[in-house]
A.B. asks: 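Encoded as structure tokens, here's the structure I'll be asking about.
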Amino acid sequence: MVTIISTMETQVSNGPSGTSLPNGPVISTNGSTDDSKTNLIVNYLPQNMTQEEFKSLFGSIGEIESCKLVRDKITGQSLGYGFVNYVDPNDADKAINTLNGLKLQTKTIKVSYARPSSASIRDANLYVSGLPKTMSQKDMEQLFSQYGRIITSRILVDQVTAGISRGVGFIRFDKRNEAEEAIKGLNGQKPLGAAEPITVKFANNPSQKTGQALLTQLYQTAARRYTGPLHHQTQRFSVIPSLGKGPDPNNSSNTILDNLLNASYGVKSSPALFPRFSPITIDSMTSLAGVNLTGPTGAGWCIFVYNLSPEADESVLWQLFGPFGAVTNVKVIRDFTTNKCKGFGFVTMTNYDEAAMAIASLNGYRLGDRVLQVSFKTSKQHKA
DNA sequence: TGGGATT
């Protein structure tokens, strides 16, 4: 079996249709609301992200009218995408600008305006095989674009051959009838200069997954939850979040973090540095150091982040901690009058191993001209 | 011959 470690993909602008309108919900003459400027679709969400985490992430931008993580009807498993409808169109715009491209675990999420829901846009995804290995994603799009508007395209590439095309890809059209026309026109045809004909057919639906495949997926999801991130994940993506105003991931000043991550990511946990939560640990820590470790109090593991800049906002914390695992909440503590960050914040993570990995990796991390201090949140019981 | 975009 060949492991897919990366893919190439386009980002098609999905902007709201029509002319610009004043803020707030727009009521049309037939009574339906026009949510084209407030309703977003979010793609490539991590498989284990919950509805609550989803809402927390997008709620950090502004007031949400409604949001939904789409799940499989039968298994309840996340389908990896969801919808967020904001009250204010400005917040929808802000969400696209600040959260599109955010790295969460093994995924890079995509945030764009949702197209109006309609039967005509369903089942418009095509599976293409037999592509010449030299054909780029752009070439493929050019070939298919004569049949309609392309929403996404992707060519699968192989790890061992350093990103060489596997001759297999996907094309999603805006409309199903466009996809049908593309099949009629291109299935069994040789692209210009190609030796072999390509195969074009409708792609399988996620809900058409076999029972066996679902079991495999469930097993892998469960295994990942308990053994920590897979080693190959460090190769798929830079685990160092690329922050617009932060340090350059390619800059050598981050080599300490690089090494820490590369050393840490293949292992299950760092028990010597971060002993697992247990009553004995709490007792000894409390009595010896006058410090209480915060346990998994239903909400998860609370992490204290110190030395943030006055301009820091919630999205910085999402960007820093999101790649390490499930984050349920982030909070920047601000001065009441100036609304500037007071230099610290909190992050809540669901799983101990992921929280420990985030702390081990981000404590001492240089964010701009500041060095972060990151630890489990403690509460001083007795002042020395 | 296979990722995950329409509630």
Side-chain angles (χ1 to χ4, degrees), chain A residues 1-17 32-33 35-36 38-49 51 54-55 58 64-73 75-86 96 100 104 106-131 133 137 140 148-158 165-176 178-179 187 196-210 212-214 216-217 220-221 236:
Chain A
M1 185 183 117
V2 183
T3 308
I4 308 304
I5 57 124
S6 72
T7 57
M8 301 180 271
E9 196 193 349
T10 49
Q11 302 259 327
V12 173
S13 171
N14 234 358
S17 51
S32 66
T33 58
D35 58 9
S36 68
T38 56
N39 195 30
L40 304 179
I41 186 163
V42 184
N43 290 292
Y44 315 118
L45 291 166
Q47 167 60 218
N48 58 9
M49 185 177 228
Q51 165 79 29
F54 182 60
K55 186 174 184 181
F58 284 88
I64 291 173
E65 190 275 326
S66 63
C67 78
K68 183 177 198 173
L69 178 68
V70 180
R71 296 196 196 82
D72 185 279
K73 282 197 184 82
T75 67
Q77 289 270 300
S78 164
L79 292 183
Y81 68 92
F83 296 90
V84 181
N85 194 20
Y86 284 99
I96 291 173
N100 184 42
L104 292 176
T106 66
K107 305 284 190 177
T108 301
I109 72 169
K110 180 177 173 187
V111 185
S112 54
Y113 289 106
R115 290 173 286 163
S117 185
S118 136
S120 65
I121 67 174
R122 296 184 57 175
D123 305 314
N125 197 23
L126 297 179
Y127 171 72
V128 187
S129 58
L131 292 165
K133 300 284 197 282
Q137 181 194 36
M140 182 174 73
R149 179 187 170 206
I150 294 165
I151 300 300
T152 59
S153 75
R154 169 169 288 194
I155 286 179
L156 303 186
V157 297
D158 193 319
S165 165
R166 302 195 55 215
V168 168
F170 293 87
I171 295 266
R172 179 179 296 277
F173 279 99
D174 183 36
K175 295 290 187 318
R176 181 172 56 249
E178 295 169 346
N187 183 39
E196 301 299 326
I198 61 172
T199 300
V200 184
K201 57 190 206 180
F202 281 109
N204 293 335
N205 262 314
S207 52
Q208 290 164 354
K209 197 173 265 186
T210 65
Q212 185 59 55
L214 279 170
T216 305
Q217 187 199 308
Q220 286 172 344
T221 305
R236 284 191 64 168

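Each chain gets a letter, A, B and so on, in the order the sequences are listed, and its residues count up from 1.
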A.B. asks: Kindly write out the residues that satisfy side-chain hydrogen bond (donor to acceptor under 3.5 Å, both in side chains) with A:N187, not counting sequence neighbours, or none if the list is empty.
C.D. replies: none
A.B. asks: A:R166 side chain N/O closer than 4.0 Å to the phosphate oxygens (OP1, OP2) of B:dT1?
C.D. replies: no
A.B. asks: Looking at A:K175, is its backbone amide N or carbonyl O close enough to the side chain of A:R149 to form a donor-acceptor pair, meaning the two atoms are under 3.5 Å apart?
C.D. replies: no
A.B. asks: For B:dT7 and A:R71 - does any side-chain N or O of the residue sit under 4.0 Å from the phosphate oxygens OP1/OP2?
C.D. replies: no
A.B. asks: Could you tell me how far apart A:N187 (CG) and B:dT1 (C1') are, to the nearest whole angstrom?
C.D. replies: 13 Å
A.B. asks: Taking only the side-chain heavy atoms of A:N43 (C-beta and beyond), determine which of B:dT6, B:dT1, B:dA5 contains the nearest atom.
C.D. replies: B:dA5
A.B. asks: What is the separation between atom CG on A:D174 and atom C1' on B:dA5, rounded to the nearest whole Å?
C.D. replies: 11 Å
A.B. asks: In whole angstrom, give the distance that lies between atom CG of A:N85 and atom P of B:dT6.
C.D. replies: 17 Å
A.B. asks: Just the rounded figure in Å: distance from P of B:dG2 to CG of A:D158.
C.D. replies: 10 Å
A.B. asks: Taking the nucleotide of DNA chain B with the closest heavy atom to each, which residue, A:R172 or A:S129, is nearer the 5' end?
C.D. replies: A:S129
A.B. asks: What I want to check is whether an N or O donor and acceptor connect the side chain of A:R115 with the base of B:dT6 at under 3.5 Å.
C.D. replies: yes
A.B. asks: Please determine whether a side-chain nitrogen or oxygen atom of A:T152 lies at a distance below 4.0 Å from atom OP1 or OP2 of B:dA5.
C.D. replies: no
A.B. asks: Using a heavy-atom cut-off of 4.0 Å across all strands, would you classify A:K201 as base, sugar-phosphate, or nothing?
C.D. replies: base
A.B. asks: Ignoring backbone atoms, establish whether A:Y81 has a side-chain N or O less than 4.0 Å from OP1 or OP2 of B:dT7.
C.D. replies: no
A.B. asks: Let me know the distance between CZ of A:F83 and P of B:dA5, rounded to the nearest Å.
C.D. replies: 10 Å
A.B. asks: Separation of A:D72 atom CG from B:dT7 atom P, in whole Å?
C.D. replies: 14 Å
A.B. asks: Can you figure out which of B:dG2, B:dT7, B:dA5 approaches the side chain of A:F170 most closely?
C.D. replies: B:dG2
A.B. asks: Under 6.0 Å between ring centres, would you say that holds for A:Y81 and A:Y44?
C.D. replies: no
A.B. asks: Please check: side-chain N/O of A:Q51 versus main-chain N/O of A:L69, any donor-acceptor pairing under 3.5 Å?
C.D. replies: yes
A.B. asks: Rounded to the nearest Å, what distance is computed from the OH atom of residue A:Y44 to the P atom of nucleotide B:dA5?
C.D. replies: 5 Å
A.B. asks: From the options B:dT1, B:dT7, B:dA5, select the nucleotide whose nearest atom is closest to the side chain of A:Y127.
C.D. replies: B:dT1
A.B. asks: In this structure, are over 12 heavy atoms from other groups packed under 6.0 Å from A:E196 atom CD?
C.D. replies: no
A.B. asks: Rounding to a whole Å, what distance do you find between A:E178:CD and B:dA5:C1'?
C.D. replies: 14 Å
